[in-house]
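All figures in this text were calculated on a predicted structure; none of them were measured in a lab.
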Amino acid sequence: MTSTVDSSRAGQATDATGGVAPTGPAPEDLAMNETPYPPLPSVLRLVQEGAHRLNRYPEHTAGTLVAALARRLDVPPAEVLVGPGSAGLSQHIVASLGRDRTEVVYPALSFEGYPLIVANAGCRPVPVPLDGYRHDLPAMAAAVTDRTRCVLICNPNNPTGAVLGRAELEDFLDRIPPEVVVIIDEAYREFVTDPDVPDALDLYREHQNVCVLRTFSKAYGLATLRVGYAVAAPAIAAAARMVGLVFYPGGLGQAAALASLDESAGVELAKRRDDLIAARTALRDELLAAGLPVAPSEANFLWLPLGPAAADFAARCRQAGILVRPYPDQGVRITVGSAEANERLLAVARTFAPEVSGE
């Protein structure tokens, strides 16, 4: 893999631990779940050529992108939303579901944005602890009441990388009242290899209270442009559009997303996906060989359940010029990076593991 560290991160940089990274060359950032690959050449050219139109407003309904997504997903355009990443669209949907129900059920530990999304919508959070690395779907279903506005599901789960299978998700959805919306966040869907993990669009076609979230930020490598999309029942989609921003995504974001859907771009993206999955497997094997615990992952990151040692490991990585994402007293999330970044991380892991084990 080619290193793609942004030179704008050189020098002093606040890292994911809240500390300050060492002064000097840009640190390897394995904290943000970004792809290690640069934009596709065709997408990069398109964005560069579009720079001379920065004085023009973008298509205010993103109609061309919506139509392209609708064709690709085989759903009507009225059921497609585009907006500021999957997280931003999640905020729009939660906020638009009305004021009669005031609670949101979600897994914990999961995407760190969920509590903020719930708070911004003026709702009461109902976090349900994980069962190991995975959602506890029976407990989440039991937490749904007549006050529940919606349920958030992250599949694969961020930060643990765990996935939910078809049968258990179908059983869960059968237990949820149709008036309670279930938002399935598939930001990392492209990295899944487990055949038992369902495409949430299939679940959507069977359950009209399901909303599906996806993004161009991860596998497609457009994180800085903030373009995501959702598929939802027409009434839910229409309400969420009223909450969203006009003239968003921006023109370059819309153009880059459209170019990413092109068949030729898809071939290169598939190769990059396969390369990253191979790197994920190799990195996990090496970390396990070093003596560190690593959960199975179907995403572009790995979860190390280090418990109280999480902060120390993150600090050691930071000293070595590597940024990872620690969760105090729980674990560390590590994005699969370039070959160089992964090797630097492993050098830290090989010296840290014997200290943790007491060897």
Side-chain angles (χ1 to χ4, degrees), residues 1 3-6 15-17 27-37 85-87 107-114 130 132-135 153-164 185-194 197 213-223 228 269 272-288 290 292-307 309-311 313-314 316-318 322-328 330-346 348-349 352:
M1 294 185 184
S3 178
T4 60
V5 174
D6 185 345
D15 70 3
T17 69
E28 295 280 5
D29 194 339
L30 304 183
M32 296 298 290
N33 290 349
E34 300 157 334
T35 178
Y37 301 111
S86 54
L109 186 70
S110 194
F111 175 44
E112 60 228 66
Y114 289 158
L130 297 182
Y133 306 129
R134 307 173 72 249
H135 292 46
I153 286 179
C154 191
N155 197 35
N157 186 46
N158 175 15
T160 64
V163 289
L164 300 166
D185 184 347
E186 289 193 318
Y188 303 96
R189 168 71 194 171
E190 289 82 2
F191 304 111
V192 173
T193 59
D194 185 345
V197 178
L213 296 177
R214 291 181 181 168
T215 185
F216 287 95
S217 295
K218 306 301 181 185
Y220 290 90
L222 303 182
L269 284 166
R272 291 183 174 193
R273 168 190 176 274
D274 291 345
D275 288 346
L276 192 138
I277 290 169
R280 177 182 74 194
T281 300
L283 181 59
R284 181 171 186 263
D285 289 346
E286 291 288 347
L287 287 168
L288 288 169
L292 292 177
V294 190
S297 176
E298 289 286 327
N300 69 329
F301 53 83
L302 296 172
W303 173 249
L304 279 60
L306 294 173
F313 180 74
R316 190 75 62 85
C317 288
R318 186 173 67 248
I322 305 163
L323 305 184
V324 297
R325 175 66 170 90
Y327 294 71
Q330 296 182 83
V332 173
R333 187 191 69 200
I334 300 172
T335 308
V336 179
S338 67
E340 178 188 359
N342 294 343
E343 191 52 48
R344 287 175 62 185
L345 173 79
L346 286 169
V348 176
F352 186 82

Between [X] (side chain only) and [Y] (backbone N and O only), is there a donor and an acceptor less than 3.5 Å apart?
{"X": "R284", "Y": "A295", "result": "yes"}
{"X": "E298", "Y": "T193", "result": "yes"}
{"X": "N300", "Y": "N33", "result": "yes"}
{"X": "R273", "Y": "V192", "result": "yes"}

Do the non-hydrogen side-chain atoms of [X] and [Y] ever get within less than 4.5 Å of each other?
{"X": "T335", "Y": "E34", "result": "no"}
{"X": "V348", "Y": "F313", "result": "yes"}
{"X": "V197", "Y": "R189", "result": "yes"}
{"X": "P326", "Y": "L306", "result": "no"}
{"X": "N157", "Y": "L130", "result": "yes"}
{"X": "R134", "Y": "T160", "result": "no"}
{"X": "I153", "Y": "H135", "result": "yes"}

> Under the side-chain contact (heavy atoms from CB on, under 4.5 Å) criterion, do T35 and R272 qualify, and how do the steps go?
Replying inline: CA-CA 9 Å; T35 178; R272 291 183 174 193; 5.9 Å; no
>> Set out, in order, the CA-CA distance, both residues' side-chain angles and the distance that settles side-chain contact (heavy atoms from CB on, under 4.5 Å) for Y37 and D275, then state yes or no.
In response: CA-CA 11 Å; Y37 301 111; D275 288 346; 3.2 Å; yes
Between atom [atom1] of [X] and atom [atom2] of [Y], what is the distance when rounded to the nearest 0.5 Å?
{"X": "R344", "Y": "L346", "atom1": "CZ", "atom2": "CG", "result": "12.0 Å"}
{"X": "L222", "Y": "T215", "atom1": "CG", "atom2": "OG1", "result": "8.5 Å"}
{"X": "Y220", "Y": "E190", "atom1": "OH", "atom2": "CD", "result": "5.0 Å"}
{"X": "L304", "Y": "F352", "atom1": "CG", "atom2": "CZ", "result": "9.5 Å"}
{"X": "R214", "Y": "D185", "atom1": "CZ", "atom2": "CG", "result": "11.0 Å"}
{"X": "I334", "Y": "L323", "atom1": "CD1", "atom2": "CG", "result": "12.0 Å"}

Can you name the nearest heavy-atom pair linking [X] to [Y], along with the distance?
{"X": "P305", "Y": "Y133", "result": "CG-OH, 3.4 Å"}
{"X": "C154", "Y": "S110", "result": "CB-OG, 3.5 Å"}
{"X": "K218", "Y": "A187", "result": "CG-O, 3.6 Å"}
{"X": "L292", "Y": "A349", "result": "CD1-CB, 3.6 Å"}
{"X": "C317", "Y": "L345", "result": "SG-CD1, 3.8 Å"}
{"X": "A310", "Y": "V332", "result": "O-CG2, 3.5 Å"}

>> Could you tell me if R333 and N158 have a donor-acceptor pair between their side chains, going purely by distance under 3.5 Å?
In response: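 Yes - a donor-acceptor pair under 3.5 Å links their side chains.
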> Do F301 and F191 pass the side-chain contact (heavy atoms from CB on, under 4.5 Å) test, and can you show the C-alpha distance, the side-chain angles, and the key distance before you say yes or no?
Replying inline: CA-CA 10 Å; F301 53 83; F191 304 111; over 6 Å; no
> Under the side-chain contact (heavy atoms from CB on, under 4.5 Å) criterion, do S297 and R280 qualify, and how do the steps go?
Replying inline: CA-CA 8 Å; S297 176; R280 177 182 74 194; 4.1 Å; yes
